[in-house]
Structure formats: C-alpha cells, structure tokens
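Remarks on the structure that follows.
What's counted below: heavy atoms across the whole structure, side chains too, no hydrogens, waters or symmetry copies.
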Amino acid sequence: QGLSSIVIRSGQPLLLAYSSAEKARELGAIFVGEPAKSWLGVPLILGGETFGVIIVQDTHHEGRFDEEDQRLLSLVAAQVAVVVRNARLIEDTRRQASSQSQIIEISEKIRRSAEMQTILKTTADELAVALNARRVTARLFTGHTGDDRAVGDDRAVGDDNDEGVNLTTVHPPEAEV
C-alpha cells in the first residue's frame, strides 16, 4: 500500500512537504524506489466515489508543494473527474450504438431466409462473429419427443435427450473442437 492507496481510501488530499518519507512510513505507506522529498496527491472523486488520484512529487527538494498547490491540484482533479466521466459516457454510448447496429445487421440477415436450416445457421454464424465465439448453438423445440434433428453441416450436433432442432456451428468454419 503506497501513498496513492491512502489518498484513494480516504478520499482526501495528502500533502507531505517536509520529512515526507518519515511521515509516509507513519501512515503505513510502503515505498517502491526512492521516496519523494515532497509529495502531493489529490483524489479523483465523482458522485461521492473516489476512482483515482493525481500525484505530483519532487524527488530532490523538500517544501516544493504547499496548500496553494493542493487547492490548485484539487480544482484540476475535479475537472478531470468530470471529463473522465463524460469520456466514459461517450464510450458507453458508442458501445451501445455498435451493439444496436450489430443487432439490426444480424436481424436483417436472418429475415432474408424462410428455411429453418438457413435461419438457424445464419443466426449461429452471425452470433459467432459478433461475439467472437468459437461455438454457437441455436436450438428450436418442436414439442415432439425424439424429434431431435441436427441441421447444417457435419459439425452440427443433436442432443438425444432434448426435443427440437439443434444447430451448433464451430468458427472459424475449418476449426474442429
């Protein structure tokens, strides 16, 4: 546990301007490498949740940072927290839009066929690509016991204990599992 962990856990800024190594040890911090002579860390907080820390340090001079530096860094950290949240929201929106686009594309390809075998094979193929999965199973239940049929190519398998139509596609198509 270093000084960063202490700031994140407490959610409070930490300024060690003089005797920083000694004060850090008193706080229970563990060092990796040479301890800084002056150290200032402020938390990144949004919605009451600490999710990161911004740190400035000087490994050569004590007294390098003061309370004014802490106020400035805290203001910057507040702005960074908002920008990070906005960037995450944008990324989530892009991911959702991409998923919606994939759903529409897959649905359009599936709707082009009226044959059960083609519908299931297209579904399995498209899901394998979209989800980067090696094996996809599409199964329809007919309600007739013992009416399991494997549809598709020789890699398709049926389960004798279930009722319905089953298709398993292995991707890439040349791969054997």
Side-chain angles (χ1 to χ4, degrees), residues 1-111 122-139 155 168-177:
Q1 153 175 321
L3 293 171
S4 299
S5 298
I6 293 169
V7 172
I8 291 170
R9 213 173 342 103
S10 71
Q12 298 295 317
L14 179 60
L15 172 61
L16 303 176
Y18 297 95
S19 304
S20 60
E22 182 180 318
K23 290 178 183 175
R25 281 188 199 93
E26 289 172 9
L27 293 170
I30 299 169
F31 294 103
V32 176
E34 180 185 345
K37 301 281 185 185
S38 293
W39 194 93
L40 172 60
V42 298
L44 292 169
I45 301 173
L46 195 61
E49 182 179 327
T50 302
F51 65 91
V53 63
I54 296 179
I55 300 163
V56 293
Q57 56 187 343
D58 189 321
T59 56
H60 301 293
H61 303 97
E62 286 192 335
R64 174 62 184 83
F65 308 111
D66 59 22
E67 289 183 12
E68 185 60 33
D69 296 320
Q70 181 177 317
R71 279 191 288 281
L72 174 65
L73 195 56
S74 292
L75 290 171
V76 170
Q79 295 300 308
V80 169
V82 171
V83 172
V84 167
R85 181 205 55 205
N86 291 343
R88 286 178 176 170
L89 290 173
I90 289 169
E91 183 59 33
D92 287 346
T93 301
R94 285 183 183 148
R95 201 173 9 260
Q96 288 173 357
S98 176
S99 293
Q100 290 296 326
S101 178
Q102 282 182 319
I103 290 167
I104 291 168
E105 185 178 324
I106 291 169
S107 296
E108 287 174 354
K109 288 180 181 181
I110 293 168
R111 282 191 212 118
T122 301
T123 299
D125 289 345
E126 293 300 318
L127 288 173
V129 171
L131 301 174
N132 194 26
R134 289 204 52 199
R135 180 174 283 233
V136 174
T137 300
R139 179 177 287 165
R155 289 185 306 264
T168 299
T169 302
V170 179
H171 281 268
E174 301 78 35
E176 290 293 328
V177 178

Measuring from [X]:[atom1] to [Y]:[atom2], what's the distance to the nearest 0.5 Å?
X      : Y      : atom1 : atom2 : answer
Arg94  : Ser101 : CZ    : OG    : 14.5 Å
Leu73  : Glu68  : CG    : CD    : 11.5 Å
Ile30  : Leu3   : CD1   : CG    : 10.5 Å
Leu15  : Leu40  : CG    : CG    : 5.5 Å
Gln102 : Glu126 : CD    : CD    : 9.5 Å
His60  : Glu34  : NE2   : CD    : 7.0 Å

Is there a side-chain contact between [X] and [Y], using heavy atoms and a 4.5 Å cut-off?
X     : Y     : result
Val42 : Val7  : no
Asp69 : Val56 : no
Leu27 : Leu14 : yes
Glu62 : Lys37 : yes
Ile54 : Val80 : yes

So which atom in [X] and which in [Y] form the shortest heavy-atom distance, rounded to 0.1 Å?
X     : Y     : answer
Ser4  : Ile55 : OG-CD1, 2.8 Å
Phe65 : Trp39 : CD1-N, 4.1 Å
Ala77 : Leu44 : O-CD2, 3.3 Å
Thr50 : Gly11 : OG1-CA, 3.6 Å

Whether the side chain of [X] engages the backbone of [Y] through a donor-acceptor N/O pair (distance < 3.5 Å, no angle test) should be reported.
X     : Y     : result
Thr93 : Leu89 : yes
Ser38 : Gly63 : yes
Ser20 : Ala36 : yes
Gln1  : Ile6  : no

With sequence neighbours excluded, residues passing salt bridge (Lys or Arg N to Asp or Glu O under 4.0 Å) with Glu91: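 Per chain and number, Glu91 pairs via salt bridge (Lys or Arg N to Asp or Glu O under 4.0 Å) with Arg95.
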
Below 4.0 angstrom, N of the basic side chain to O of the carboxylate: do Arg111 and Glu108 qualify?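 Salt bridge absent between Arg111 and Glu108.
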
Taking everything shown except Asp92 itself, do over 12 heavy atoms lie less than 6.0 Å from its CG?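 For Asp92, atom CG is crowded (more than 12 foreign heavy atoms under 6.0 Å).
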
All pairs passing salt bridge (charged side-chain N to carboxylate O under 4.0 Å, His left out) where residues 38-52 contributes a residue, at least two apart: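 Sorted result for residues 38-52: empty, none.
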
